[in-house]
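Notes follow the structure.
First the proteins, then the strands, lettered A, B, ... as listed; each starts at 1. Since we're looking at a predicted model, the values are computed, not measured.
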Amino acid sequence: MQDDRPVDDLDEAAARAELARLAERLARADLAYHRDDAPEITDAEYDALKARNRAIEARFPALKRTDSPSDKVGAPLAEGFAKVRHAVRMLSLENAFEPADVIDFAQRVRRYLGLGDGPLAFTAEPKIDGLSLSLRYEAGVLTQAATRGDGEVGENVTPNARTVADIPHRLPAGAPDLLEVRGEVYMSHADFAALNARQAGRGERTFANPRNAAAGSLRQLDAAVTASRPLRFFAYAWGALSAPLAATQSGALERLSQFGFPTNPLTALCPTTEAMLARYAAIERDRASLGYDIDGVVYKVDDLALQQRLGVRSATPRWAIAHKFAAELAWTRLAAIDVQVGRTGALSPVARLDPVTVGGVVVSNATLHNEDYIAGRGADGRPIRGGRDIRVGDRVQVFRAGDVIPKVADVDLSLRPGDAAPFAFPDRCPRCGSPAVREPGDAVRRCTGGLICPAQAVEKLKHFVSRGAFDIEGLGARQIEMFFADELLPIREPADIFTLEARDAANPVRLADRLGYGAVSARNLFAAIAAARRVPLARLLFGLGIRHLGEVASADVARHYGSWEALTAALDRARPAALAHRAADEAEAAERAAAGAEGRRARARAVRDAATMGVPVEAAEEWRDLVTADGVGPVVALSLSDALANPRERASIDRLVAELRVLPPEARAEASPVAGRTVVFTGTLERMTRAEAKARAEQLGAKVAGSVSARTDYLVAGPGAGSKARDAERLGIPVLDEAGWLALIGGEGPAP
DNA sequence: CAGCCTCGAGTTCC
DNA sequence: CTCGAGGCTG
């Protein structure tokens, strides 16, 4: 098939065949690289194929194909599926594992709504184990189908969804003009077994479980393949709507059913918590005979107006919860315990297991959490598993928490080998040999090597290029490992990434000829790095990987200071106060340790006073400004201060920042009149609870504070307001009543 | 000061 | 996805 003759030796027919072969070969390589993230040829080979394609086209211009690979420039755009931004975010659900969690949930809802013992109904429906899908209908016609993705952005699988018999292509008259229907795509047990038999008969891959089969079938580039797979669908929710479906969850499901969507027949309305739990028991009892996989029961507040008042937290709604069935368990042998070193130096023990199937997936690794967990102690020091420890060679019980993360749950002492010794958790870093210490009250042991430790250094770099940070295309975890180990063109700290191209240019052998790179891929990498030089302050901060500064805290700090210069200047000024704060903490700890010894206590206090007293007023004020900032407390503040004050670390950061153009945080451009304002609520609110008022205000971009200060913009005072109202008056801050507040934010109350 | 909620950091397999 | 812990609220 393959034609290796020099281009000049090809006749027209051979050239035509070779162009077809190259087009197919390159398209396959593009998919493997970009969609599956699993390159099947090296970049050099890829470049060579492209070069040959171009050479043949140059000699036989008339034969150039309409789908010529030459027309696809650089990083091919051949992504498997187009990305789709969901008009309304697809949320995930909070989980409950025990009846007590469900009772808690119902109580939380009551408290939040201020319902007392009044009536409150929930729907209960089986939680289908498939993959969620959002179907968009415009003017009654299915126009788009998208997978959940990360909840914000999913994949466009419209042609595939059209092949699913349960999904209507058109809606009857009376359906809203715009309607996004959400539900679960799944495969029945019978269809799954038949499909696997068919696959096996043809020598093709079989699927581990119905969910994987459903996911694999829906995410086919060729919708004809999807059409040949027996997929089904249950509708259970909705996204964007031009008109409300009903006043209740159950009513809305009824409407969806009238529109032609299958809804689950086991769905029931439960007037009490007891009814919810009874429904759970009934569904669990029928689980095996349903004919499809379910992994729990979902409860939702039935009244949609109440759902709206409850609103959503960062990723989950307050008005629903998933009551999961007990996880499937499996027994296997613990072959070894490895200890990994994370970016913060945390030593994490990982169980290497004899492979075993748990819940349809073969598991060979599982987390062991920390040294206490192995020893049979919980976080509070109390025995877990009846105090049984875990030893290499033991028979252990494994389950997948949340059906995902494998964990070792238990151990069978009766089968323990006679020579099994208790696991000795290392007190030195397994990678760099530095002492590994456990701070008092901390559950994890950490390597103290800092950036000396290659494990920490490389994990920090991986974090630096990760999604929420610099997110450099073509520079992922694998590439970081490679460059970290490379002698000729190393990346050992973040700044090295941005000097990569210049250093490469000075090398005798270029990247384009090494490490599996070709001219195209090397150029693409340098371009992606160049693009990453312009970086928002929040991403820079997060990328630095400073302990306790995650995505949210980084954004908070960035917004607080506005620029890198302002941030570093402020932190440098605050440093003496930070040190004093640490000294005070340590003195206090010493004091506690020497409880009873009056003399020592006095000495500790003296140390603290001394540490606090010498601090310049300016430093104390700057420190105070930091610790009182939104989302920042003493722990976060101290961690940030330490990172910037450490000479080695600071030098590395300065080298990095010199390579960058740091962009200021975006001002929150909200249309709401209260965006960016600080509001304080006091007194009794009559039309909403305090929690609700706060959530609503924050949703509109306002900050809700607990006490009135000069920075407060509005005080919302209900009946019974006391000192806060007087404070506001004294400070000349506008005071609104509840009606005035609702008028200001424009609406009767909680709006969509 | 206690409990709640959210965030951070850890992990697996596809 | 879960656990632990930091920060905020009542």
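Closest approach to the A:Val363 side chain among B:dC13, C:dG7, B:dT11 is made by B:dC13 (side chain taken as heavy atoms from C-beta onward). Checking B:dT11, C:dG6, B:dC13 against the side-chain heavy atoms of A:Val636 singles out C:dG6 as nearest. Residue A:Pro634 places its side chain closer to C:dG7 than to any other of B:dG8, C:dT2, C:dG7. For A:Lys407, whose side chain is taken as the heavy atoms from C-beta onward, the closest listed nucleotide among C:dC3, B:dT6, B:dG8 is C:dC3. Here the nucleotide nearest the side chain of A:Val361, chosen from B:dC13, B:dT11, B:dG10, is B:dC13. Which of B:dT11, B:dC7, B:dA9 sits closest to the side chain of A:Thr367 comes down to B:dT11. Comparing C:dG6, B:dG10, B:dG8 by their closest approach to the side chain of A:Ala346 singles out B:dG10. The A:Asn95 side chain lies nearest to C:dT2 when the options are C:dT2, B:dA9, B:dC13. Nearest nucleotide to the side chain of A:Ile405, out of C:dC1, B:dC7, C:dG7: C:dC1. For A:Arg318, counting side-chain heavy atoms from C-beta on, the closest listed nucleotide (C:dG7, B:dT6, B:dG8) is B:dT6.
At whole-Å resolution of the value, CG in A:Asn209 and P in B:dC13 are 15 Å apart. Per the geometry, OH belonging to A:Tyr112 stands 13 Å off C1' belonging to B:dC4, to the nearest Å. Atom CG in A:Asp101 sits about 13 Å away from atom P in B:dC5, given to the nearest Å. When rounded to the nearest whole Å, the span between CG of A:Asn370 and P of C:dT2 equals 17 Å. A:Ile374 places its CD1 atom 16 Å from the C1' atom of C:dC3, with the value rounded to the nearest Å. Between the CZ atom of A:Arg352 and the C1' atom of B:dT12 there is a distance of 11 Å, rounded to whole Å. We find that NE2 of A:His369 is positioned 9 Å from C1' of B:dT11, with the value rounded to whole Å. Counting to the nearest Å, the C1' atom of C:dG4 and the CZ atom of A:Arg445 are 18 Å from each other.
For the pair A:Asn365 and B:dC13, the criterion of a side-chain N or O lying under 4.0 Å from OP1 or OP2 is met. Dashed line: the shortest gap from a side-chain N or O of A:Ser364 to OP1 or OP2 of B:dC13 is under 4.0 Å. In this structure, A:Gln340 does not reach the B:dG10 phosphate: none of its side-chain N or O atoms is under 4.0 Å from OP1 or OP2. The side chain of A:Arg343 places an N or O atom within less than 4.0 Å of a non-bridging phosphate oxygen (OP1 or OP2) of B:dA9. Between A:Ser348 and B:dA9 there is no side-chain polar atom (N or O) within less than 4.0 angstrom of OP1 or OP2.
Other residues, nucleotides and ligands place no more than 12 heavy atoms under 6.0 Å from the CZ atom of A:Arg624.
When each of A:Leu549 and A:Arg108 is assigned the nucleotide of DNA chain B bearing its nearest heavy atom, the one mapping closer to the 5' terminus is A:Arg108. Sequence order on DNA chain B of the closest nucleotides to A:Asn212 and A:Phe542 puts A:Phe542 first from the 5' end.
A salt bridge links A:Lys460 to A:Glu649: one of the charged nitrogens lies within less than 4.0 Å of a carboxylate oxygen. Residues A:Glu459 and A:Lys462 are paired through a salt bridge, judged by an N-O separation under 4.0 Å between the basic side chain and the carboxylate. Salt-bridge formation is not detected for the pair A:Lys127/A:Glu184: no Lys NZ or Arg NE/NH1/NH2 atom is positioned less than 4.0 Å from an Asp or Glu carboxylate oxygen.
Among the protein residues, A:Gly216 comes within range of no part of the nucleic acid, since none of its heavy atoms lies under 4.0 Å from any strand. Residue contacts for A:Ala215: at a heavy-atom cut-off of 4.0 Å it reaches no nucleic acid atom on any strand shown. Residue contacts shown for A:Val444 are absent, as no nucleic acid heavy atom lies under 4.0 Å away.
For the pairing with A:Glu94, the salt bridge (Lys or Arg N to Asp or Glu O under 4.0 Å) check across A:Arg318, A:Arg108, A:Lys300 returns one residue only, A:Arg108.
Side-chain N or O atoms of A:Thr226 include one that pairs as donor or acceptor with a backbone N or O of A:Ser217 at under 3.5 Å. Judged purely by atom type and a 3.5 angstrom limit, A:Arg309 uses its side chain to pair as donor or acceptor with the backbone of A:Leu113.
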